[in-house]
Amino acid sequence: MKHFLKETDFERAELPKLFALARELKRKRGQRGVPLPLKGQTWALIFAKASTRTRVSFEVGIHELGGHPLFLNKNDIQIGRGETIEDTARVLSRFVHGLIVRTFDHSEVERLAAAGSVPVINALTDFLHPCQIYSDAFTLAERWAQGTSGVKLFGSLRGRKITFVGDTACNMAYSWVLGANLFGMKVALAGPKGFAPTPAFDAFLANAGFPGGYEFYTDPIAAVRGADVVYTDVWVSMGKEEEQAARLRVMAPYAVTGKLLAAAKPDALFMHCLPAHEGEEVMPEVLANPRSIIFDQAENRLHMQKAILTQLVAQRR
Ligand code: CP
Ligand code: NVA
């Protein structure tokens, strides 16, 4: 059973096809006669955290592939009252064709996948956000390899450098480190001293086949030198609200300003998974810069997730 819990759940060799499929789905969106690989299927979305992009792009995408999305707030089902993750997985597997899960502890998506008998997609945990990384990589590939084959589309990422600035111990930073290594990109992190990736993450990365696969800087200007992409995320991720004051203080030097973007390559792109806090992690002049591609990123969630769903369903058959 194929699941998508982390970036490396697809092999590098599978990615040119996946990227080409995302581009095809984007091009043909809304046309008559598009394939409906989820016809007759229901996919449950179990969410324990807020969401705009992920929830809407999955609900719309499942509908467009011929399936039915069933949104379940974690607090409204018995799992929120103590029913085990394993029993929830076993029961839902009798009703639905797949689970899309947003939660806190990453082990929960692994346990759902292990106990159930349908594919599970990670829609963000405290550890990783792989749907975002794949969509973002597709957004970059579209920019860098317009009008070429799937191999060239995916291959256009190779050797490029992305610098992630800010909360370098959050799900987006970890996911970009893993994703960049898988895509053949170089990745630098720029954040406060206490926010370097943990030894547990380093062990996970080594186990994935990418030992020491990133550079960590406390100086953001040094980190963005030579970067093709400057990426940031909120400084207070969902679940970290109690640390807000301390985080805003320690991360203040890591705001993406016009000056910081100018220290990267002259044509460097700015990315943010959104939601953004203008004036905190990113300044208005950067959001307004034509090299900001934040809304293309948001749109591509739809196309890439439709490609992922299509591949997971095809591999079940
Ligand atoms: N980027 C992202 O996952 O957004 P949502 O939290 O709105 O889903
Ligand atoms: N790091 C953020 C990402 C939101 C899409 C969070 O976990 O809240």
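Both counts, for ligands and for their atoms, begin at 1 and track the order of listing. Position 1 is the first residue of the sequence; numbering continues from there.
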Legend entry - Over 12 foreign heavy atoms within 6.0 Å of NZ, Lys26: yes
Legend entry - Location of contacts on Leu274 toward ligand 2, heavy atoms closer than 4.0 Å: backbone
Legend entry - Leu274 contact mode with ligand 1 (heavy-atom cut-off under 4.0 Å): backbone
Inset, instruction - Any atoms of ligand 1 less than 4.0 Å from a non-hydrogen atom of His129? List them with their elements. - result: 2 (C), 3 (O)
Inset, instruction - For the pair Arg158 and Phe183, evaluate side chain to side chain contact (heavy atoms under 4.5 Å, CB included) and give the outcome as yes or no after the intermediate values. - result: CA-CA 6 Å; Arg158 178 161 289 282; Phe183 308 144; over 6 Å; no
Inset, instruction - Looking only at distances, please establish whether an N/O atom of ligand 2 is found under 3.5 Å from an N/O atom of His129. - result: no
Inset, instruction - Go through ligand 2 atom by atom and flag the ones less than 4.0 Å from a non-hydrogen atom of Leu124. - result: 3 (C), 4 (C), 5 (C), 7 (O)
Inset, instruction - Report yes if the side chains of Phe4 and Asn122 come closer than 4.5 Å at any heavy-atom pair, otherwise no. - result: no
Legend entry - Min heavy-atom dist Lys49 to ligand 1 below 4.0 Å: no
Legend entry - For atom 6 (O) of ligand 1, the protein heavy atom that lies nearest, with its residue and separation: Arg102 NH1, 2.8 Å
Legend entry - atom 7 (O) of ligand 1: the protein heavy-atom neighbour that sits closest, reported with distance to 0.1 Å: Thr52 N, 2.7 Å
Inset, instruction - Could you tell me whether Arg23 and Glu142 make a salt bridge, using a distance below 4.0 angstrom between a side-chain N and a carboxylate O? - result: no
Legend entry - Given Arg160, Gln297, Met185, the one that forms side chain to side chain contact (heavy atoms under 4.5 Å, CB included) with Leu140: Met185
Legend entry - Residue Glu241 excluded, over 12 heavy atoms near CD under 6.0 Å: yes
Legend entry - Under 3.5 Å: donor-acceptor pair, side chain of Ser93, backbone of Ser117: yes
Legend entry - Enumerated ligand 2 atoms positioned under 4.0 Å from heavy atoms of Met238: 6 (C), 7 (O), 8 (O)
Inset, instruction - Counting heavy atoms only, name the option from Met238, Arg55, Gln132 that's nearest to atom 1 (N) of ligand 1. - result: Gln132
Inset, instruction - Answer yes or no: is there a donor N or O on one side and an acceptor on the other, between the side chain of Asp87 and the main chain of Glu83, under 3.5 Å? - result: no
Legend entry - Which segment of Asn171 sits under 4.0 Å of ligand 2 when only heavy atoms are counted: side chain
Inset, instruction - Report yes if some N/O of Cys273 lies less than 3.5 Å from some N/O of ligand 1; otherwise report no. - result: yes
Legend entry - atom 4 (O) of ligand 1 [closest protein heavy-atom partner, distance rounded to 0.1 Å]: Arg53 NE, 2.9 Å
Inset, instruction - For atom 3 (C) of ligand 2, grab the closest protein heavy atom and report residue, atom and distance to one decimal in Å. - result: Asp233 OD2, 3.6 Å
Legend entry - Heteroatom distance test (Ser237, ligand 2): nitrogen or oxygen, under 3.5 angstrom: yes
Inset, instruction - Verify, without hydrogens or angle tests, whether Arg301 (side chain) and Ser135 (backbone) share a donor-acceptor contact under 3.5 angstrom. - result: no
Legend entry - Over 12 foreign heavy atoms within 6.0 Å of NZ, Lys2: yes
Inset, instruction - Write out the residue and atom name of the closest protein heavy atom to atom 2 (C) of ligand 1, then the distance separating them to 0.1 Å. - result: Arg301 NH1, 3.5 Å
